[in-house]
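Below is one structure, written out as structure tokens; comments come after it.
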Amino acid sequence: MSESPSPVTAPVWTGDVKAARALQVSLAKQVMLRDAYPKRLATVAGLDVGFEDSGATTRAAAVLLDAKSLQPLAMNIARMPTTMPYIPGLLSFRELPTLLEALNGLPTSPDLVLLDGHGIAHPRRLGIAAHFGVVTGLPAVGVAKKKLVGDFAALHDMRGAFTPLRVPIPGRDPGEQIGWALRSKPGCLPLFVSPGHKVSMASCAELVMSFVTHYRLPEPTRLADRLASRRGDIDIDYSRTLPLADG
DNA sequence: GCGACAG
DNA sequence: ATCTTGTCGC
């Protein structure tokens with residue numbers, strides 16, 4: 001017998017916090033912490049969410065970039081009615097449905113996805129990037145601007161410096177590492193990077209740094225953030241977009 | 001009880 | 001996240 005392919009299903013908010021947390025514990029077991037993405041990345045996507053109508057509408061932005069030049073190749077915006085409030089630890093139930101719709105609107109599937117929020121650096125090891133990865137099967141990394149859980153030592157104020165983000169474990173001294181505090185830009189607060197799916201702890205920090213130019217945020221997430229928050233537009237390099245049916 | 005708390 | 005003035009530094 002062959003395994004039934006896991007359906008790409010967005011999480012459904014039923015109002016039951018206990019049930020949502022139980023589902024997270026279950027899905028967290030499906031997270032793959034190994035580098036399972038193309039050695040030579042062709043494309044990388046950035047995903048982020050913003051709100052309209054005072055929060056009544058959830059707006060998700062997806063940007064596809066050339067992994068080498070970091071030039072935008074395509075973008076897509078999706079909107080859905082907001083169905084639940086923000087609850088720390090349950091962010092994916094609020095934003096994932098719209099993010100998946102934005103992703104599906106891209107012309108091609110990316111080799112890697114960067115999301116605004118945490119990967120496994122989460123109370124139950126299933127932040128939005130991990131949840132996204134398990135649900136789509138795509139390699140994903142979480143890039144958060146603030147920590148949700150864990151502690152980290154002082155970090156050098158040098159571009160690219162990173163130190164482990166750990167969570168205590170009764171008994172052992174160096175607790176469990178759940179991610180990294182990354183100084184993507186000197187003089188700026190660090191970013192919190194953690195594996196989402198099919199990406200290893202050992203490589204995720206440097207992987208994210210490979211997408212950072214001179215801003216605090218890596219290009220995929222920075223551009224998606226601008227579109228999601230309508231803080232400006234981005235220039236798509238249509239000359240490199242694969243032609244569709246009739247042009 | 002008190003502090004923490006992605007977006 | 002969103003709102004929104006003032007301020008620091010290259």
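Every value quoted in this text rests on a predicted model; they were computed, and no experiment measured them. Throughout, protein chains are lettered first and strands after them, A, B, ... in sequence-line order, and every chain is numbered starting at 1.
With sequence neighbours left out, the salt bridge (charged side-chain N to carboxylate O under 4.0 Å, His left out) criterion links A:D35 to no other residue. For A:D151, the salt bridge (charged side-chain N to carboxylate O under 4.0 Å, His left out) partners at least two apart in sequence or on another chain are A:K147. In this structure, the ring pair (Phe, Tyr, Trp, His ring centres under 6.0 Å) partners of A:F93, at least two apart in sequence or on a different chain, are A:H131. Listed by chain and residue number, A:Q24 satisfy the side-chain hydrogen bond (donor to acceptor under 3.5 Å, both in side chains) test with A:R124 (two or more places apart in sequence, or in another chain). A:R79 pairs by the side-chain hydrogen bond (donor to acceptor under 3.5 Å, both in side chains) definition with A:E52, not counting sequence neighbours.
Note on A:E95 versus A:R59: no salt bridge recorded, every NZ/NE/NH1/NH2 to OD/OE distance being 4.0 Å or above. Checked for salt-bridge contact, A:D116 and A:K145 meet the test: a charged N lies under 4.0 Å from a carboxylate O.
Within a heavy-atom distance below 4.0 Å of DNA chain B, no residue of residues 202-212 of chain A is found.
Around CG of A:D235, the count of heavy atoms belonging to other residues, nucleotides or ligands within 6.0 Å does not exceed 12.
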Letter by letter from the 5' end, nucleotides 1-7 of chain B scores (B base, S sugar-phosphate only, - none; protein heavy atoms under 4.0 Å) ----BBB
In 5'-to-3' order, the base (B), backbone-only (S) or no-contact (-) status of each nucleotide in nucleotides 5-10 of chain C, using a 4.0 angstrom heavy-atom cut-off, is ------
For A:L47 and A:L114, run side chain to side chain contact (heavy atoms under 4.5 Å, CB included): C-alpha distance rounded to whole Å, both residues' side-chain angles, the deciding distance at 0.1 Å, then the answer. CA-CA 6 Å; A:L47 264 50; A:L114 264 55; over 6 Å; no
Chi angles and distances behind the side chain to side chain donor-acceptor pair (under 3.5 Å) call for A:T221, A:D225: CA-CA 6 Å; A:T221 289; A:D225 183 77; over 6 Å; no
Distance-only donor-acceptor hits, side chain of residues 159-169 of chain A, under 3.5 Å, sequence neighbours excluded:
residue, atom, partner, partner atom, Å
A:R159, NH2, A:V212, O, 2.9
A:R159, NH2, A:T213, O, 3.3

Both distances under 3.5 Å, Watson-Crick or G-U wobble: on that basis, could you give the dot-bracket string for DNA chain C, with [ ] for crossing pairs and | for other-strand partners? ..........
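Legend: ring-ring contact (aromatic ring centres under 6.0 Å, His included) pairs involving residues 15-70 of chain A, not counting sequence neighbours: none detected.
With a 3.5 Å limit on both pairing distances and Watson-Crick or G-U wobble geometry required, DNA chain B contains no stem of 3 or more pairs.
By the 4.5 Å heavy-atom criterion applied to side chains, A:V143 and A:P218 are counted as neighbours.
Distances shown here put a side-chain N or O of A:S229 below 4.0 Å from the OP1 or OP2 atom of C:dT2.
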